[in-house]
Amino acid sequence: MANGVLAERLENYLEHKTHKGIFAWILSTDHKRIGILYLVSMVTFFWVGVTLGFLMKLEMLTPGKTIVDAQTYNTFFTLHGIIMIFLFIIPGIPAVFGNFFLPIQIGARDVAFPRLNLLSWYLYIIGGLFAIASLFLQGGPIDTGWTFYVPYSIRTTTNVILPLLGAFILGFSSILTGLNFITTVHRLRAPGMTFFRMPLFVWALYATAWIQVVATPVVGITIVLVIIERALHVGIFDPALGGDPLLFQHLFWIYSHPAVYIMILPAMGVVSEIIPTFARRTIFGYKVIAFSSLAIALIGYFVWAHHMFSSGMSNTSRAVFSLLTFLVAVPSGVKVFNWVATLYKGSIELRAPLIYVMMFIFLFSIGGLTGLVLGSLATDVHVTDTYFVVAHFHYVMFGGTAIILFAALHYWFPKMFGKMYYEKLAIWATPFIFIGFNMLYFTMFILGYNGMPRRYWSYLPEYQTLHIISTVGSWILIAGLAIMFGNLIYSLFKGKPAEANPWGGVTLEWQIPSPPPAENFEEIPVVNHGPYDFSIINGNSDGKS
Amino acid sequence: MENPEISTPIAISESEKTEQARHLSIPHQHKDAIGAKIGMWLFLFTELLLFGGLFLLYMAYRLQYTKDFVVAASELNLVLGTLNTIILLTSSLTMALSIAAIQRGKKKLSVAMLLATIGFALAFLVIKYFEWTAKFHHGIAPNSPELLSKPNGEIIFYGMYYSMTGLHALHVIIGMIILLFMLVFLLRGSISKNDYIKLENSGLYWHLVDLIWIFLFPLFYLLH
Amino acid sequence: MFVSASNYAKNVDSVMLYIIGISVALLLIITFAMIIFVIRYNRKKNPIASQIEGNKTLEVVWIIIPVALVLTMFFYSFSVYKESRVVPPNAMNVKVEAKMWAWKFYYDNGKVTDTLFLPAGRPVKFNIVSQDVNHSFYIPAFRIKEDAVPGRENYMVVKPEQIGAFDIACAEYCGLNHSLMYTRVYVVPEKEFAQWLNGEVDDDYLRKYVASHSEGYKDYLSGSYAILFAKGCVQCHNIDERKGIGPSFPELRRQFARVNVGGKDTTVVIDKEYLRESILYPETMIVKGYEKQAMPSMLNKIKDEELELIVDLLYSNFVKNKQ
Amino acid sequence: MEKEHKEHLIPYGTYFLVWLSLISLTVLTVTVAGIELGRIALFVALAIAFVKSTLVVSYFMHIKFDDLIFRIFLLVALVTLASIFILTATDIFFR
Ligand code: HEA
Ligand code: HEA
Ligand code: CUA
Ligand SMILES: [Cu+2]
C-alpha cells in the first residue's frame, strides 16, 4: 500500500529496543511487545492445562483407577479448570490480540495507559504462579473444582487460599486491561475514526472491557470473603456459622456468567474481521453486530442464576432466570446469521483463517444451541452437573474461543511476525482438529444425557464405550493441534517474509508494514470511510496489490 | 437483500484532511487529563461493585435474620459511629477545598487542606481502632467462643460488620498513603495550577471512601 | 436411550426433543448456507463481490423468529418442570440426608434406610438436607436432581410409575469419593411398599420382587461401589491409597498379602478365596501393620449374594494379579 | 485540557454549603433513628444516605460539572448494580 513504501525506512517494533536482552521485552511498554509477552506466557500456562486435560481423559479410559487415584483426579480437573478459565480463555484474545491490534485498528500509537498495561502483565504472571504454586506445597493442590463452592472450599485441607489469591490477582489484571481499553477507545481514536467507523473487533473489545470492569470486582470480593472466612473464621458463607452457601453461588456466578461473554465476545469480534476480508465485501449489518455486542454484554448480567437451577433457589428465580437465559441467546444468533449473510455474494477466497472461522460457526452453534437445553428448566435439571454441561462448555470455549484464537493467530501471524506460514500444512491440520474435537466432546453430550455426572473419577461400566471413543478423539485432536502449532513455530524462523497486506484487508493494521513500526504510524492516519470499505480494492479485479 | 446499497468511497480533499487532523489529532506524548479521569472513574466503578457485592450479602442476611441484626446492632457504639461520619464528611470537604485551592494557584492553602484531610483520615482510623479493640475486649472477635455462643444471625452480623468496615478501613489506609504521596508532589511542585489531575483523581478516590461510609453508617449503627 | 421411569421423565424427553429438533434444523440451515455460499461465491466464480450493507426486513425477521422460538421453548419447558415443584396434597414425604459419601432416607414412620424404596404411582416429596458439604440428589431415570445444601432444606417432587431399580448418584462435587456416592431406588407397587413400611416384609423381599417384576433388571449394584458404602466398609477402608483404620482397597494390588496368622507372619496369595475369608473371618488373617484393631466379622451380617458381589467387585477392580 | 477545568471553578462557599447540608443530614438521620418508625425506618435511613451520596457525587466529585460521558458511565455502573440487586431479590424474597 502507498504508505507502506514510505514506512519501509522505519524501524519495526521487533528491532526497536529500549533495553538490552530480555529487558527489551519485560520492561517494554509497547503494546505490541506486551501482546507478544502475553502470547508466550499464555501458551506456557496453557500447555500445563492441556496436559492435565489429556491425563484426565486417560484416567477416564476405564472405570475405577486407570492411572491416578481419586484425590489426584480431583486436583487435575480443578487446576485444569482454573488454568483454562482464568489464565487462558479469559485473558486470551483481549490480552494478546487486543493489546496488539486495538491501538493500531483505531489509529493510535499505544493504549491510553502503557505502563498500567505492563503492570497488568506482571499481575497476570504473579497470579498465574500463585495458582500453580499450590501444586508444590504441603497439603497438596486445590481440589474444589474451578467454582470454589462453599462449604467444601472452607472445609478441605488442601491449599485453597493460594490459588484463590491467584484468581484475585488475575481479576485485577483483567480489570486493568479493561479499564485501559475503554479509555483508549474513548480518547485515542484517530481523526475521523468515529464510533461507527471502528472495526467490529474494537467494538467487541469495548463491550468486553465493560464486562471486565463491572463484573470482575464481584468475584474479587467473593474470593476475598472465602479467604478471610477460611483463615479467620469470620462468619460469612459457612452454614455452621449461619451463612448461606447459595449466596456464595450467586456472587460467584454474577461474575462468572458474564465472564463467559468476556471469553466469547472478542472471538466474535475476530470473526467479524476475518469474514469480510476473505469475502472481500463489507460486513452485513454492521450496526446490528456492533449493538449486539453491547446487548450481549448487558443482558449477560441478567442470567447468572441459570447455573443454580438445582441449587434450591426460589421457584420465582428459576422461572425468571430461565426466561432471561433464552433471551440472551438471541443476539448471538443474530451475529451468526449476519456472518453467514456476509458470505452471500462475496468474492470468497478459502484460506486457513476462513476455514477456522467456518469450523467456529459450526462448533459454536452446537455449543450455543445446547446452551438452550441448559437454559430450559425441565432439561437442565436433568443434565446439570453431568457431562452434558462439560460438552456444552468445551464446545463454546474450545470450539468457540480457542478455535478463533487459532484463526486469529493465522490471520494476524504475518502482521505480527512479518513471516508467512505454510498454507497447506495449516489447512491439513483442520480435519484432524475437527474430527478429533467432535469425537472427544460430542460423546460427552450423550454421556451426560444418560446420566453420567461430571467431576467423577470412577463411573458405571455402561458408560465405558463412549469414554473410550472420547479418549481416542483427544489423541486425534492433539495430533491436529501439533501440526498446527508446529507449522506456526517453524514458520516463525523459516517462513517467507510477509507482505504488508497479504490478504487484501482494509482495516488500518493492513495499511502499515509487517511487522509494524515501533510507533505504528509515522503519521496518525485520517479516516474517512467505514472499516470494511472494499470498493477501492474491487476496482481492479485481482484485488491483491 | 434485493436492494444492495453499494457504499462509495468518500473522496476527501487534501486540505480537508489536514483540517481534520488539526482539529482532532491528540499527540500521544501529551498528558490527557480527561483520559486519566476516565480511567479513574472506571476504577471507582470497580470499587463500587466490590462493595456492591458486600451490600448484596448484607441485604440477604438482613432479610433472613432481621431480629438478630437489630439486637447485634444495638451493641455498636452510635456515638463513635456518628463522630466518624462527621469526620469523614469533613475530610471530604477539605479534600475538595484542597483541589479548589490548587485550581486557583494557592499552593499553601492546598497543602494545608490536604494535611487536614490526612489528619482526619488518621482520626477516623484511631476511632475505628478503639471501636474494634473494645469489641475484641468483650470477646466479640471472629471465631471467639463468646461470639460463637450467640445466635447464628448475630455471628453473621459481626461477620458482615468486620468484613465491611475492615475493608473500608483498608481503603482509608490506602487513601491516606495516596494522599501522602500527593502531598509530596504538591510540595515538589509536580502538582500545580496547570497540572493537578493527580490530585483530582486522588480526591475522587477519597470521596468514594466517604461515599461508602455514608451507606455503611446507617446500615450498621442505626438499626433499631 | 436409557430408561425413563416416570411420566415426568417422558415429558422431559419430549422437551429435549423439541429443543434439539429446532436446534438441529437451525444448525443445518446455517451450515449448508455457509458451505453453499463459500462454493458458489468462490473468488474464481465471482471475482467481484457485491457490497451489501444490510437489509432491514431480513434483520428484523431473524430477530423476531428466534425470539418467538425461544419463547415457545421456555413455556413448554416451564409447564413440564412445574410438576416437579408443585407438591400435590397426597404426596408422601421422604427425608433425604446426604453426607460424605453416603445417603440416608428417613420415612415418616421413623424407618431409616440407605437404599431408597418407593411406591409406584404415588407422588413423593423429598426433603433434602446435607450434614457437611453440598451434594446433589440425582435420579437419572426420573430426569431430576436437587442439591443437598447444608443449613437448608431443599425439596423436589417425583412420581415414580415404573416398577424397577434405578441408580441414585451424587451430582454435586463433594470431595474425594464423590464419584462413588451411588445408591439405588427400588420402585414397588403400593401394596408391597405398605407391607414393607409396616415391617411385614424386609428390604430383601422388595429387592427380589423388583428383580422378578421388572424387565431388563440389572444386578442391583452394577459395578458401582455402592455396596461398600451401604455396608459401611469405607468407614475403615479407603478406596484410594490413603491409609485408613484398615488397609486400603488398592493395597489388594500387591501380589501377596503379608499377614499374621495365629501370631506368625506369612504371606498369602490374594485371590477370591482370600477376599471371602477376610470378610467372613477377619481375625484369622490380619494384614501386617494393622494388628491393633480387628475388623468385625461379617458372618451372618451379609447375605451370600452380597458377599459374592463384594468379592467380585474388589476382585475385578483392585486385584491386579488375576489367576 | 486546562480550559475545561477553569470553566467550572466552584466557589469555596458552595463546598461549605454542601458540607453543611451533609452534616445536617447526618444529624437528621441519627435523630430519626431514635424515633420508633418500624419498617420504614430502613427506607428513611437509606433515602437520607442516598441524598447525601448524591451531594457528594455531584459537588465534591464534580459529576455535575463534568462532561456528559461521565454521567453516562456512572449510569451504566449504577444500572448494573441495581440489576444485580433486583435479580438476586427474586431469589431471597421468594424463598
Ligand atoms: C465461552 C463461553 C460460553 C458461552 C459463550 C456460553 C453461552 C451460553 N451458555 Fe454456557 N456455560 C459455559 C460457557 C459458555 N456458555 C461454561 C464454562 C459453563 C459451565 C460452568 C461450570 O459449571 O463449570 C456453562 C454452563 C451453562 C449453563 C449452566 C448449566 C448447568 O450447570 O446446569 C447454562 C444454562 O442455562 C448455559 C447456557 C448458555 C446459553 C444459553 C448460552 C448462549 O449465550 C448461547 C448463544 C448461542 C447460540 C444460541 C448459538 C448460535 C445461534 C444460532 C445458531 C441462531 C439460533 C438461535 C436461537 C433459536 C436462539 N451455560
Ligand atoms: C478453554 C477452556 C478449556 C480447554 C481448551 C479444555 C481442554 C480440554 N479439556 Fe477441559 N475443562 C475446562 C476448560 C477447558 N478444557 C473447564 C473450565 C472444566 C471444568 C473444570 C471443573 O469441573 O472444575 C473442564 C473440565 C474437563 C473435563 C471434565 C472433568 C470432570 O468433570 O470430571 C474433561 C474430561 O475429560 C476435560 C477434558 C479436556 C481435554 C481432553 C482438553 C484438551 O486437552 C484437549 C486438547 C487440546 C489441546 C491439545 C490444545 C488446545 C489449544 C488451544 C485451546 C489454543 C492454544 C493457542 C494459543 C494460546 C495461541 N475438561
Ligand atoms: Cu456427594 Cu458428590
Ligand atoms: Cu452461564
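In what follows, chains carry the letters A, B, and so on, assigned in the order in which the sequence lines appear, proteins first and then strands, with residues in each chain numbered from 1.
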Can you tell which part of [X] gets under 4.5 Å to a heavy atom of chain C, answering side chain, backbone, both or neither?
| X | result |
| --- | --- |
| A:Ile366 | both |
| A:Val336 | side chain |
| A:Leu343 | both |
| A:Ser322 | both |

Pi-cation contact, A:Phe196 with A:Lys287 (under 6.0 Å, within 45°): yes
Cation-pi geometry met for A:Arg454 and A:Phe388 (6.0 Å, 45°): no
Name the orientation class of the two ring planes belonging to [X] and [Y] (parallel below 30°, tilted from 30 to 60°, perpendicular beyond 60°).
| X | Y | result |
| --- | --- | --- |
| A:Phe278 | A:Trp503 | tilted |
| C:Tyr173 | A:Tyr152 | perpendicular |
| C:Tyr41 | C:Phe37 | tilted |

Between [options], the one whose heavy-atom pairs under 4.5 Å with chain C are most numerous:
| options | answer |
| --- | --- |
| A:Pro453, A:Ala378, A:Gly242, A:Ser311 | A:Ala378 |
| A:Ile283, A:Asn338, A:Thr325 | A:Asn338 |
| A:Gly333, A:Pro331, A:Pro151, A:Ser292 | A:Pro151 |

Gap between atom OH of A:Tyr463 and atom OH of A:Tyr456 - 0.5 Å precision: 8.5 Å
With chain A, which of [options] has the greatest number of heavy-atom pairs at distances under 4.5 Å?
| options | value |
| --- | --- |
| C:Asn134, C:Val149, C:Val80 | C:Asn134 |
| C:Ala169, C:Ser23, C:Pro66, C:Gly151 | C:Ser23 |
| C:Ile144, C:Ile128, C:Asn154 | C:Asn154 |
| C:Ile29, C:Val133, C:Ile63 | C:Val133 |

Which atoms of [X] are under 4.5 Å from chain A, going by heavy atoms: the side chain, the backbone, both sets, or neither?
| X | value |
| --- | --- |
| C:Phe142 | neither |
| C:Met156 | neither |
| C:Phe75 | neither |
| C:Glu146 | both |
| C:Ile20 | side chain |

Stepwise side-chain contact (heavy atoms from CB on, under 4.5 Å) check, C:Cys170 with C:Trp103: CA-CA 9 Å; C:Cys170 176; C:Trp103 299 97; 3.8 Å; yes
